[in-house]
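To start, the structure under review is shown below, and the notes come after it.
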Amino acid sequence: MTTTTPRTPLDTPVTRRSFVAWSAAAGGAAAAVGTGARLGLLPLTPARAATGGDGPRQVWSACMVNCGSRCPVLLTVEDGQITRVDSDPTGGDDLELPQIRACVRGRAIRQRVHNPDRLKHPMRRVGPRGSGEFERISWDEAFDAVAEALRSTIDRYGNEAVYLNYGTGVLGATVACSWPPAATGVARLMNLLGGYLNHYSDYSTAQITTAYPFHYGEWVSGNSFDDLVNSQLVVLFGNNPHETRMSGGGELFVTTRAKQASQVRTIVIDPRQSETAVTLADEWVPIRPNTDAALVAGLAHVMISEDLQDQAFLDRYCVGFDEDHLPDGAAPGSSYRSYVLGRGPDGTPKTPDWAAAITGVPAGTITRLAREIAGAKPCSINQGWGPQRHSNGENSARAVFTLAAMIGQIGVPGGGTGGREAAYSMATAAFPTLKNPVSTEVSVFNWTDAIYRHDEMTALSDGVRGADRLTAPIRFIWQYAGNALVNQHADINRTAEILSEPDDLTIVVIDHQMTVSARYADILLPDASTPEQVDLAQQGSAGALGYLVLADRAIEPMWECRPVYDILTGVAERMGVADEFTEGRSQEDWVREVLAETRKLTPAVPDFETFRRQGIYKEMSPDGPVVPLADFRADPEANPLSTPSGKIEIYSAALQEIADTWELPEGDRVTALPEYVESREGPEDPLRERYPLQLIGHHYKSRTHSTYGNVPWLQEAHPQEMWINPADAADRDVRSGDTVDVVNDRGRVRIVARVTPRIAPGVVSIPQGAWFAPDADGVDLGGSVNTLTSLHPSPLAKGNAQHTNLVEVTRT
Amino acid sequence: MPVGELPLVLFTLLTQMSVGSFVALGAVHVLARRRYPAATVDRLSDPALYAIGPVMVAALAVSLLHLGNPVNLLNVLNNLGSSWLSREILLGCAFTALGAAFALCQWRRWLTPGVRQAVAAVTAVVGLVFVWASAQVYLIPTVPAWDTWTTPVAFLATTFLLGCLAVGAAFVVAASVRTRRAAAQGARPEAEAEVDAMLRSSLRGIGLTAIAVLAVELLVLPAWLLGLANDGSPAATAAAAALTAGGWLHLRLVLAVLGGGVLALFLYRAAAAGGRRLLLVTAGSAFVLVLVAETVGRVQFFESYARIGI
Amino acid sequence: MAQQLGFWIDQQYCTGCKACQVACKDKHDLPLGVTWRRVVEYSGGSWSTDPAAGTFAPNVFTYYTSISCNHCDDPICVAVCPTTAMHKGADGIVSVDPAKCVGCRFCEWACPYSAPQFDPTAGVMTKCDLCADELAEGRDPACVAACPSRVLHYGEIADLRAEHGDRADVAPLPDPSITRPNLVITPHRHAEPTDAGTGTITNPEEI
Ligand SMILES: Nc1nc2c(c(=O)[nH]1)N[C@H]1C(S)=C(S)[C@@H](COP(=O)(O)OP(=O)(O)OC[C@H]3O[C@@H](n4cnc5c(=O)[nH]c(N)nc54)[C@H](O)[C@@H]3O)O[C@H]1N2
Ligand SMILES: Nc1nc2c(c(=O)[nH]1)N[C@H]1C(S)=C(S)[C@@H](COP(=O)(O)OP(=O)(O)OC[C@H]3O[C@@H](n4cnc5c(=O)[nH]c(N)nc54)[C@H](O)[C@@H]3O)O[C@H]1N2
Ligand code: SF4
Ligand code: SF4
Ligand code: SF4
Ligand code: SF4
Ligand code: SF4
Ligand SMILES: [Mo]
């Protein structure tokens, strides 16, 4: 995103009352008033009085978790305790500089901060790893222990043995930022010590991230959601912003307002009737998980048979749709058209009937959808990341891109690229973390392999990047603000086994709660939570809105907790790099520094003191909705993509090369076209005889992953329950509220069943992120779906296929 | 079983049994006085009369267990204007007070028998109105299983059935105790014969009354269930499901028919010539069976609570 | 007497997120099990499957309704309350006076919106008081101020009705003639009428 001139700086704390006055004075939108005013009701909401002295104070902070949104929260503090949470009182109820209302989780932040699970003191493991047996130690002992282990690991194995595991618990922060690893304070420290083994891509988007360069040259989002008003039709493949972008200033709010304004017809394709399907969809098309590429092929068959595709677009902007547009060296019959019509190697026409049998979507529906999608101009094709978090997710992602190309609605208002929505983002500076001298990377997901079989891991076998192979096993893991060490990684039982093995492995967990991963730490360091430190909160995805929050220290760090920056400073001292690490600055000094840099990029951002009072800075995109690839669309020769051909590669020669050279496990396939590939634990797997149900794990409003998972108000509001279709429930004599066992060869989860017509037959979903809690027999009573997921990575991305699982459900 | 409502189960059952007993005693009095001297009648009925007061007080005390905050107890009469609960409590207290006054007069033989009878009559009427008010408490328009004519009818049926069988049981117990004591003290045999005769004729009447009330109950129950079935609302359906689940309904019916039907009939027959011991066993078990049946029925009544709406 | 206040819920875009519920709990420090604002999920319909073709097609609907207390014109809770602890104030707000309440729970039995919520620790009934303290200071009720989707509003009921119609007869809500709630619902496109609802409340334990 480019730097922009803000249209509407807010340089004083704006109450709703003064905001109205202000916008009226500015001749601004009369519509930009609050509910009350629009209804001609009571006065607009002023912020609650913050009295001085020992009485209650109000302090701006933010919810920093990884939900794709970001919300400021206004905390009332009394006697060192957060006693109430308000959301942003500034701005109004329309898309222009709206109030950014925190979601249900942010509203409950005080039960996360003041939680019995909080870590209070540094601790050292005394029992077996994972036993949760620790002894309390002093900070000095903790720093010595970490430094000692770091030194001996580096001496023995080199820096490649030190791994920064995925952790997105405070991804929204700047100094305390926890993701991407390279942007964290941990990276800054390690870079001063010779570097660390990095990972590429992320648990969110491993498959689509890896697929993008082959198709579009790089990551290309879809049009931003404020652009929906320009569409005639919106098709969402497994995108659920009303549960995964829940901020009342973020995409939930943007899509709601867009739908209200335009009533644009919306189709949601999802195995579940998601919240988005409830609120936005005119039609819900349930689909078997992992089969989106088959649906697209079926749609393509109808379009090609009836000549509905935008052939001119395909001819000009794409390679590989037709035989005429295949790159040199591609075998005849390897175009998408040939694949669809059955003229390729498999000889199977991808008729609606063929697609129906795979996807579960009736052939008549496929035909109707194809005509409707091809006929609506402009039409926005958009995918969330559920469809790609699968064993064949790379191809699902590319298939949806291909559908967008077939209707030629890329780079135009109201259209879309088939990717997830873009959003405006204001220009901000970052905390400098220096450069990593180690170039080797593993995928975000196969780090567990690097603990016990690093010597087998090469570029061709396991997708090692930056080097041909791994030269050292992982022997030191930093896990800062992440639960991916165990709970968010796959196959928890196997993961625990892998972690328990090496004696010379050191796991340092920096968290603020006794999480599942924290139980596996060797050294456990208690971090201060966000309201216990000062930082800049980066904005979330919010349509055309850009913003920045100064999240102040509302309460003192509790018990012996210390902010991560101070923790890392302590380690840096022991390692002899304290001066280089801190450059003589405290955390607040860094915040001031980054803010000063940010003001160079976005001068309207207030200075530190003003910002501290004001809390939030907002601006609107000066350019209206984001329409990616508009320049490519306008002039593809002048603005080529960074693919080898400069065009959209529906057939990718680079992928064909990978297909020819990589050593893939039995059953895994990489294809040059976005074909539907029958895959491990997909709907055709013979394993279904034993485990007949496809299990996914949707992202749930109760938590952000595992964060907020131990908050009583949220557990009460949104209990952890497994969705199952009434027909599947009846077959198993299961009724709503019954406790069931969900089983496969990897584990067993005991959970309450929610019998609901909102999920397709043959599919069950356990909302991901609940805390693994095994009983004495190893049965997970916590309802963590990762007890059942597989460590087998997807073929190309080596990514987490956590939505691809087969299970059986039985009544207990 | 909703243990939470147990206080209300006990409160309604015990108060209804008390009112029923009082009314039954009154009826016996009126009828018996035509044939037997007052002393004879009093001899048999006074012990039963004195038992009612403590039962009523116990019932009122148990009802306190239902309250989350008995500290504010005195406020419960605040809303006589619209709350049937306030009215029920007022009437319950009035019945208890009048009953106590009457029992005291009876014991002390204060006032003339005529005045005492008038007091008794007023007490009985207040008691019946109290039972009726109790039922009104449950005629909540949002609770289909309660908001029906069958609720007051069922409450009154319980009142009469439990009342008469309780009196019957009390009579045989009182008579046996008396006879044993009389034999020991060598009392006047004619008087004992009178007591015996009165006992037997009372038991015959009680047997018949029980059968008649049971018949009413047997008509009301299906009418209630049918009403729920025809209602069709989720709440009514849930109530019907709660009522028919787990065989409790059957248990209740079997016990009621055994106690209030078979045994009552047997009592009616045996009262003519059967031995005292047989009467004791029959009247006693008829009462116990019906008491259990009514308890099950009342628990089920509270189980059938399901509100319309959300 | 102040104008009667009420709530307006645009059911079409309610996501069932319960930010309203939790904001209320936060504002009033409510313990677990005492939930002044609750969100009902109502779901129904059926699936048709074609086993030969291996396909399925839904005819399924779902919508949410966020409900606290409707400060009704005919408050049945007030009518049944023996103590007058449950009362309708001059401002039209129905609230509980804990200094009078005996905790008999009859109001809870009667109210078809589950608005009265018993606090077992204090032994008394509690419920939504329309955030009277916030209103007095000119702020919106906590739940209204929280709704991320802006579908929950409050205001003078006459105005709300004038602008948004007069419907509250949407399943699974009860017939509004019973208590005459000060509630206006803009129905979800799949909303069913009170008396002809074919769906079920799918989260009864959450209400
Ligand atoms: N089965 C399945 N598994 C999945 C997914 C799925 O869809 N299905 N999704 C995957 C995805 S997309 C992702 S992004 C990952 C997310 O995985 P993670 O990044 O591990 O996310 P969380 O589980 O939220 O863990 C964040 C941790 O940060 C901690 N934390 C929060 N605040 C603070 C703080 O202030 N300081 C410190 N030190 N710690 C803090 C929390 O306690 C928590 O332990 O999960 C992945 N796992
Ligand atoms: N409340 C909440 N919000 C969150 C998060 C959270 O944990 N909680 N996590 C955040 C993070 S880090 C991320 S990465 C995003 C994740 O965002 P997504 O990856 O988009 O979320 P998911 O719930 O995994 O999947 C979205 C939808 O895809 C559907 N789906 C699953 N498999 C398939 C399939 O094969 N085909 C199709 N068509 N649909 C499918 C699911 O039912 C779901 O409704 O959400 C972010 N937002
Ligand atoms: S979880 Fe996300 S949407 Fe919810 S309050 Fe936090 S940042 Fe906002
Ligand atoms: S919603 Fe219920 S509690 Fe509120 S006023 Fe109406 S009847 Fe009373
Ligand atoms: S619980 Fe309290 S408020 Fe409710 S009816 Fe009883 S006394 Fe009245
Ligand atoms: S108005 Fe106030 S008390 Fe009532 S539900 Fe909303 S937040 Fe709770
Ligand atoms: S906060 Fe708004 S959208 Fe969320 S459940 Fe409540 S009313 Fe519905
Ligand atoms: Mo993610």
Side-chain angles (χ1 to χ4, degrees), chain B residues 2 4-5 7-8 11 63-93 133-134 136-147 231-239 241 301-302 304-310, chain C residues 38-42 65 67 74-87 97-115 118-125 171-179 181 194-201 203-204 206-207:
Chain B
E5 316 308 357
L8 292 182
F11 170 75
S63 77
L64 295 185
L65 295 177
H66 170 74
L67 302 182
N69 186 29
V71 177
N72 285 338
L73 189 63
L74 291 181
N75 293 322
V76 293
L77 298 181
N78 282 2
N79 198 11
L80 292 170
S82 82
S83 168
W84 278 105
L85 190 52
S86 286
R87 295 169 188 165
E88 179 199 30
I89 294 162
L90 182 73
L91 286 161
C93 293
S134 271
Q136 297 304 308
V137 168
Y138 299 96
L139 299 192
I140 307 175
T142 54
V143 185
W146 292 353
D147 187 30
D231 182 311
S233 72
T237 311
F301 174 80
F302 283 100
S304 75
Y305 170 80
R307 198 184 355 80
I308 61 164
I310 61 171
Chain C
R38 304 151 310 283
V39 182
V40 192
E41 185 193 47
Y42 190 71
T65 317
I67 288 288
D74 281 345
I76 193 170
C77 55
V78 172
V80 301
C81 175
T83 61
T84 65
M86 185 70 79
H87 63 286
D97 180 352
K100 284 187 178 169
C101 174
V102 283
C104 68
R105 306 181 74 160
F106 270 81
C107 50
E108 177 189 344
W109 277 4
C111 168
Y113 299 92
S114 287
F118 187 65
D119 178 353
T121 327
V124 293
M125 199 52 67
L173 300 182
D175 184 333
S177 70
I178 300 173
T179 65
T194 286
D195 294 325
T198 61
T200 46
I201 295 176
N203 62 346
E206 295 168 29
I207 305 161

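Note that these values count all heavy atoms, side chains included, but never hydrogens, waters or copies made by symmetry. Keep in mind it's a predicted model, so treat the numbers as computed, not measured. Chain letters run A, B, ... following the sequence lines, proteins first, then strands; residues in each count from 1.
The shortest non-hydrogen separation linking Ser86(B) to Pro82(C) is OG-O, 2.8 Å. Scanning all heavy atoms of the two residues, the minimum distance from Leu67(B) to Cys104(C) falls at CD2-CB, 3.6 Å. The shortest non-hydrogen separation linking Ser114(C) to Arg307(B) is OG-NH2, 3.2 Å. The two residues Val80(C) and Leu85(B) have their closest heavy-atom pair at O-CB, 4.3 Å.
By the ring pair (Phe, Tyr, Trp, His ring centres under 6.0 Å) test, Phe301(B) is found to be paired with Tyr138(B), Trp146(B), Phe155(B), residues two or more places apart in sequence or in another chain being considered. Every residue was checked against the side chain to side chain donor-acceptor pair (under 3.5 Å) condition with Asp147(B), not counting sequence neighbours, and none meets it.
By number of non-hydrogen pairs under 4.5 angstrom with chain B, the leading residue of Ala171(C), Cys101(C), Pro120(C) is Cys101(C). Put simply, of Ile310(B), Leu64(B), Ile140(B), Val71(B), the one with the most heavy-atom pairs under 4.5 Å next to chain C is Ile310(B). Residue with the most contacts toward chain B among Trp109(C), Tyr42(C), Phe118(C): Trp109(C) (heavy-atom pairs, distance under 4.5 Å). When each of Gly309(B), Pro234(B), Pro70(B) is scored by its heavy-atom pairs under 4.5 Å with chain C, the top score falls to Gly309(B). Ranked by heavy-atom pairs under 4.5 Å with chain B, the list Ala79(C), Pro174(C), Ala85(C) is led by Ala79(C).
Residues Pro141(B) and Ile76(C) are in side-chain contact: their nearest non-hydrogen atoms beyond the backbone lie under 4.5 Å apart.
One finds the CG atom of Leu74(B) at 11.5 Å from the OG1 atom of Thr83(C) (value rounded to the nearest 0.5 Å). Taking CZ from Phe106(C) and CH2 from Trp84(B), the interatomic distance works out to 13.5 Å, rounded to the nearest 0.5 Å. With rounding to the nearest 0.5 angstrom, the CD1 atom of Ile308(B) is 3.5 Å from the CD1 atom of Ile178(C). Between atom NZ of residue Lys100(C) and atom CG of residue Asn79(B) there is a gap of 9.5 Å, rounded to the nearest 0.5 Å. From Thr142(B), atom OG1 reaches atom CG of Asp175(C) across 12.0 Å, with rounding to the nearest 0.5 Å. Atoms SG and CG, on Cys81(C) and Asn75(B) in that order, are 9.0 Å from each other to the nearest 0.5 Å.
Both the backbone and the side chain of Val76(B) come within contact range of chain C, judged by heavy atoms closer than 4.5 Å. Contacts between Leu77(B) and chain C at a heavy-atom distance below 4.5 Å involve the backbone alone (N, CA, C, O). In this structure, chain B has a heavy atom under 4.5 Å from the side chain of Val40(C), while its backbone stays farther away.
With Asn72(B) contributing its side chain and Pro98(C) its backbone, the two residues share a donor-acceptor pair below 3.5 Å.
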